[in-house]
Amino acid sequence: ANNSYYVNYNDIVRNKIKQSVFKYINDPKFKPGTLCLTFVLTADGNLKNVSIVEEKTTAGVFLRDVGIKSVREAAPFEPFPAEIRNYPELSFNIVFSFNVYK
């Protein structure tokens, strides 16, 4: 996590997922909550798996579905930069804190 190439790549991944999440933000089923996801990407940017970290998640069913769907919709991601391509795959953790403001 201290590798600047990994940090930059992580930001690219997070931003792509965030763009996908925003498609659902105006849905009336959208409720506040926290969602923690873990997923694995292969060096070519393909999604290997995604799952919810239950012990860190307070989000309801709808937000859980939005999170998983958003990661899947954002895939595939850019291939790993050359500086970290020696890793065949990398794990990522992402926490979404959803709030509803009126």
Side-chain angles (χ1 to χ4, degrees):
N2 293 334
N3 181 316
S4 64
Y5 297 105
Y6 174 82
V7 171
N8 289 338
Y9 185 77
N10 184 50
D11 287 343
I12 291 167
V13 168
R14 290 173 60 86
N15 286 332
K16 192 169 182 190
I17 294 168
K18 190 185 298 185
Q19 289 173 355
S20 189
V21 168
F22 282 135
K23 292 188 292 188
Y24 302 98
I25 203 106
N26 290 320
D27 192 297
K29 294 177 282 203
F30 204 90
K31 305 285 185 228
T34 300
L35 175 63
C36 183
L37 297 176
T38 185
F39 56 97
V40 175
L41 298 181
T42 59
D44 59 1
N46 286 309
L47 180 64
K48 187 171 180 181
N49 61 41
V50 59
S51 61
I52 296 171
V53 181
E54 293 293 341
E55 59 273 9
K56 295 183 179 181
T57 296
T58 63
V61 173
F62 178 75
L63 288 181
R64 290 166 184 255
D65 290 345
V66 165
I68 295 285
K69 184 187 267 188
S70 295
V71 172
R72 289 183 176 148
E73 287 174 353
F77 297 89
E78 294 181 22
F80 296 171
E83 295 82 3
I84 59 173
R85 199 156 301 143
N86 56 324
Y87 297 99
E89 57 188 41
L90 291 171
S91 295
F92 295 83
N93 297 309
I94 189 166
V95 177
F96 298 98
S97 291
F98 298 104
N99 294 304
V100 177
Y101 300 101
K102 295 186 181 204

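Model, not experiment: these values are computed from the prediction. Quick note: numbers below take in every heavy atom, side chains included, and nothing from hydrogens, waters or symmetry partners.
Within a 6.0 Å sphere centred on NZ of Lys16, other residues, nucleotides and ligands contribute more than 12 heavy atoms. Heavy atoms of other residues, nucleotides or ligands lying less than 6.0 angstrom from NZ of Lys23 number more than 12. Around CG of Asn26, the count of heavy atoms belonging to other residues, nucleotides or ligands within 6.0 Å does not exceed 12.
Between the OG1 atom of Thr38 and the CD1 atom of Ile52 there is a distance of 11.5 Å, given to the nearest 0.5 Å. Distance check, rounded to the nearest 0.5 Å: CZ of Phe30 to CD1 of Ile25 gives 4.0 Å.
Panel note: side chain Thr34, backbone Thr58; no donor-acceptor pair is recorded below 3.5 Å. A distance-only check finds a donor-acceptor pair linking the side chain of Asn15 to the backbone of Asp11 [under 3.5 Å].
Partners of Glu78 according to the side-chain hydrogen bond (donor to acceptor under 3.5 Å, both in side chains) rule, which considers only residues two or more places apart in sequence or in another chain, do not exist here. When the side-chain hydrogen bond (donor to acceptor under 3.5 Å, both in side chains) test is applied to Lys29, no partner is found at least two apart in sequence or on another chain.
The minimum heavy-atom distance between Tyr5 and Asn3, with the atom names listed, is N-OD1, 2.7 Å. Closest non-hydrogen pair, Thr57 versus Cys36, comes out as OG1-N, 3.1 Å. Minimum heavy-atom separation, Ala74 to Ser20: N-OG, 4.5 Å. The heavy-atom pair separating Ala59 from Arg64 by the smallest distance is O-NE, 2.8 Å. Scanning all heavy atoms of the two residues, the minimum distance from Gly67 to Leu35 falls at CA-CD2, 3.5 Å. The two residues Leu63 and Gly33 have their closest heavy-atom pair at CD1-N, 4.1 Å.
Linking Ile, Leu, Val, Met, Phe, Trp and Tyr whenever their side-chain heavy atoms come within less than 4.5 Å puts Phe22 and Phe96 in one cluster.
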Yes or no on side-chain contact (heavy atoms from CB on, under 4.5 Å) for Arg14 and Ile17, after CA distance, side-chain angles and deciding distance?
CA-CA 5 Å; Arg14 290 173 60 86; Ile17 294 168; 5.8 Å; no
Steps toward side-chain contact (heavy atoms from CB on, under 4.5 Å) verdict (Val13, Phe39)
CA-CA 11 Å; Val13 168; Phe39 56 97; 3.8 Å; yes
Can Gln19 and Glu73 be said to form a side-chain contact (heavy atoms from CB on, under 4.5 Å), step by step?
CA-CA 10 Å; Gln19 289 173 355; Glu73 287 174 353; over 6 Å; no
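Looking at Leu47 and Leu41, their side chains come closer than 4.5 Å, going by heavy atoms from C-beta outward.
Residue pairs meeting the ring-ring contact (aromatic ring centres under 6.0 Å, His included) criterion with at least one member in residues 52-87, sequence neighbours excluded: Tyr9-Phe80.
Checking Ile68, Val95, Asn93 one by one against Leu37, the side-chain contact (heavy atoms from CB on, under 4.5 Å) holds for a single residue, Ile68.
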